[in-house]
Amino acid sequence: MPELPEVETIVRGLRLTLPGRRVTGVRLGKTDFIDDPAVLERDLPGQKILAVRRMGKYLLFDLEPADGSAGGASLLVHLGMTGRLVTAAPEEPEAPHTHAFFALDDGRELRYVDVRRFGRIALLAKDGAELSKLGFEPLEATEGQFADKLRGRRAPIKSVLLDQRVLRGIGNIYADESLWRARIHPLRLAGSLTSNEVRELLRAVKSVLAAAIRMRGSSVSDYVDADGQRGLFQQRHRVYQREGKKCSRCGTAIERIVIGGRSSHFCPKCQRAPRRARKSKR
DNA sequence: AAGATTACCTGAAGGC
DNA sequence: TGCCTTCAGGTAATCT
């Protein structure tokens with residue numbers, strides 16, 4: 001599923017061709033995941049793509065109106081679980097579940113494909129409050145900023161890592177992998193982490209995200225980048241979807257539990273359970 | 001009001 | 001073989 005490293009890889013790919021292109025037409029299929037389809041069809045054609053950016057797991061295409069005025073709107077795309085953005089020649093057959101076609105002035109098309117339609121497309125006005133609730137960009141956050149976000153929170157650290165208001169862009173894969181690297185059990189209450197643990201966790205988050213970006217993301221189910229290429233970081237996963245396999249540090253079998261409705265993978269030896277959650281052992 | 005739970009959606013996988 | 005159930009999870013809505 002597309003998390004920060006996957007979205008970053010897609011953004012870097014789209015940046016090679018999209019800036020400077022003008023959208024010449026919009027064609028939509030199913031629209032139940034689009035904020036206001038009529039507005040998109042009416043207002044997007046004619047606008048020029050100035051830049052392609054990422055905020056957490058969101059892609060943002062900064063736009064300039066046809067008349068060159070300073071409109072400052074942006075096209076927002078979230079890939080949900082199964083969303084894909086690909087460029088194609090108009091005559092190329094469309095993949096199943098292709099729900100949006102954006103024709104470009106170089107004769108090509110940007111297409112949005114999404115089996116489950118958990119994604120989102122919206123046209124944002126300039127300075128919309130839309131993304132203001134997002135937390136820090138993980139690769140730029142400081143230890144102090146991260147610590148402030150964790151202070152007093154009584155939810156499991158696993159759930160807090162998934163909370164986009166804390167650090168934006170982390171999903172289930174990188175939450176589990178970060179906690180393993182930092183040797184912190186996913187059920188630990190976020191506010192109970194020591195300052196050493198907070199520091200180690202942020203270091204782990206940054207190193208795992210950076211490594212995943214270098215390997216062009218994780219292709220677990222159906223993620224591919226803007227060129228249709230799979231990522232490679234799934235080869236480096238230490239716990240995610242490795243239940244029953246040996247921990248690469250200590251050889252103990254990886255376990256899976258459900259936290260907040262999400263599966264969580266960890267090493268029961270490297271990541272010591274809080275007292276409250278420890279199973280009685282004889 | 002933070003934390004927990006559920007709905008949304010479809011295809012893959014497993015059970016029988 | 002085929003039908004049924006379960007699972008995957010990002011986010012928003014709904015609960016407690």
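Since this is a predicted model, take the numbers as computed values, not measurements. Proteins come first, then strands; the chains are lettered A, B, ... in the order of their sequence lines, and each starts at number 1.
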Please step through side chain to side chain donor-acceptor pair (under 3.5 Å) for the pair A/S69 and A/D67, ending with a clear verdict. CA-CA 5 Å; A/S69 65; A/D67 60 9; 2.7 Å; yes
Rounding to a whole Å, what distance do you find between [X]:[atom1] and [N]:[atom2]?
X	N	atom1	atom2	result
A/H99	B/dT10	NE2	P	8 Å
A/R151	B/dA2	CZ	P	16 Å
A/R165	C/dA12	CZ	C1'	11 Å
A/K158	C/dG10	NZ	P	9 Å
A/R117	B/dG11	CZ	P	10 Å
A/R116	C/dA12	CZ	P	19 Å
A/D114	B/dC8	CG	P	17 Å
A/N172	C/dC7	CG	P	15 Å

Nearest to the side chain of [X] - [options]?
X	options	answer
A/R120	B/dT10, C/dA12, C/dG10	C/dA12
A/A155	B/dG11, B/dA4, C/dT11	B/dA4
A/V115	B/dG3, B/dT10, C/dG10	B/dT10
A/R154	C/dG9, C/dT11, B/dG3	B/dG3
A/M81	C/dG10, B/dC9, C/dG9	C/dG9

Classify the nucleic acid contact of A/R256 as base, sugar-phosphate or nothing, counting any heavy atom under 4.0 Å across all strands shown. sugar-phosphate
So what does A/S263 touch, heavy atoms closer than 4.0 Å: a base, only the sugar-phosphate, or nothing?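 Contact class for A/S263: sugar-phosphate only.
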Would you call [X]-[Y] a salt bridge at under 4.0 Å N-O?
X	Y	result
A/R236	A/E177	no
A/R238	A/D176	no
A/D148	A/R151	yes

Taking only side-chain nitrogens and oxygens of [X], does any of them come within less than 4.0 Å of OP1 or OP2 of [N]?
X	N	answer
A/Y240	C/dG9	yes
A/Q164	C/dG10	no
A/H97	B/dG11	yes
A/K133	C/dA12	no
A/K57	C/dT11	yes

By nearest heavy atom, map A/P156 and A/R262 onto DNA chain B; which one lands nearer the 5' end? A/P156
Do A/F118 and the base of B/dC8 stack face to face, with centres under 5.5 Å apart and an angle between planes under 30°?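 Given the distance and angle limits, yes, they stack.
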Is the distance between the ring centroids of A/F33 and A/Y112 under 6.0 Å?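 They qualify: ring centres under 6.0 Å apart.
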Would you state whether a donor and an acceptor, one from the side chain of A/R153 and one from the base of B/dA2, lie under 3.5 Å apart?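 A donor-acceptor contact between them is absent.
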For the residue pair A/E6 and A/Y174, confirm or rule out a side-chain donor-acceptor distance under 3.5 Å.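 Side-chain D/A pair, A/E6 to A/Y174: present.
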